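Everything numeric in this text was worked out from a predicted model, so none of it was measured. Start at 1 with the first residue, then count along the sequence.
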Amino acid sequence: MATRNNYGNRSRDMSRAAQNALHDAVQRGEVSYQTARDYSGRFGRFATWVKETYGIKYMERIQPEHLVQYGRELAQEVADGDRSASSAQNLV
């Protein structure tokens, strides 16, 4: 398993590690600044959810079933009318 610093992205905080990775992608010209900003916010929401729901603090510990459950919860928000389908799709 990788070290306990979110795949080497220079932070033990998942959201900050994702921001660092996205910043690096911008610097390499792989994504635009706006795309990185959008993805950072979306991942930050997931990082908060996975930490509150499962107590996971490191990306290395996220399993496919966590993503499936996140998707199910977003689908339920859509079904309940609390979120639009396009908004939920963007969060996935």
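Taking 4.5 Å as the limit, some side-chain heavy atom of Q27 sits within range of a side-chain heavy atom of H23. Residues F43 and M14 are in side-chain contact: their nearest non-hydrogen atoms beyond the backbone lie under 4.5 Å apart. Between W49 and Y54, some side-chain heavy-atom pair lies under the 4.5 Å cut-off. The shortest distance between side-chain heavy atoms of K57 and D13 does not fall below 4.5 Å. Within the 4.5 Å cutoff, no side-chain heavy atoms of R37 are placed close to those of L22. Between R45 and L74, the closest side-chain pair of non-hydrogen atoms falls below 4.5 Å. Counting only heavy atoms from C-beta outward, the side chains of F46 and K51 never approach each other to under 4.5 Å.
Atom CZ in R72 sits 10.5 Å away from atom CD in E65 (nearest 0.5 Å). To the nearest 0.5 angstrom, S86 atom OG is 10.0 Å from L91 atom CG. For the atom pair OG (S84) and CG (N90), the distance works out to 8.0 Å, reported to the nearest 0.5 Å.
Taking each heavy atom of M59 and A17 in turn, the nearest pair found is CE-CB, 3.8 Å. In this structure, V78 and A88 approach most closely via the heavy-atom pair CG2-CB, 3.6 Å. Among all heavy-atom pairs drawn from R10 and D24, the shortest one is NH1-OD2, 3.0 Å.
Without hydrogens or angle criteria, D80 side chain to E77 main chain gives no donor-acceptor distance under 3.5 Å. The closest donor-acceptor contact from the side chain of N6 to the backbone of N9 lies at 3.5 Å or more, if one exists at all. The closest donor-acceptor contact from the side chain of S40 to the backbone of A36 lies at 3.5 Å or more, if one exists at all. Under the 3.5 Å distance criterion, the side-chain polar atoms of T48 are matched with a main-chain donor or acceptor of G44.
Within 6.0 Å of NE2 on H66 lie more than 12 heavy atoms contributed by other residues, nucleotides or ligands. For Y70, the OH atom sits in a packed shell: over 12 heavy atoms of surrounding residues, nucleotides or ligands are nearer than 6.0 Å. Atom CD of E73 has more than 12 heavy atoms from other residues, nucleotides or ligands within 6.0 Å.
In terms of hydrophobic clustering, with Ile, Leu, Val, Met, Phe, Trp and Tyr side chains grouped at heavy-atom distances under 4.5 Å, V31 and V92 are assigned to different clusters.
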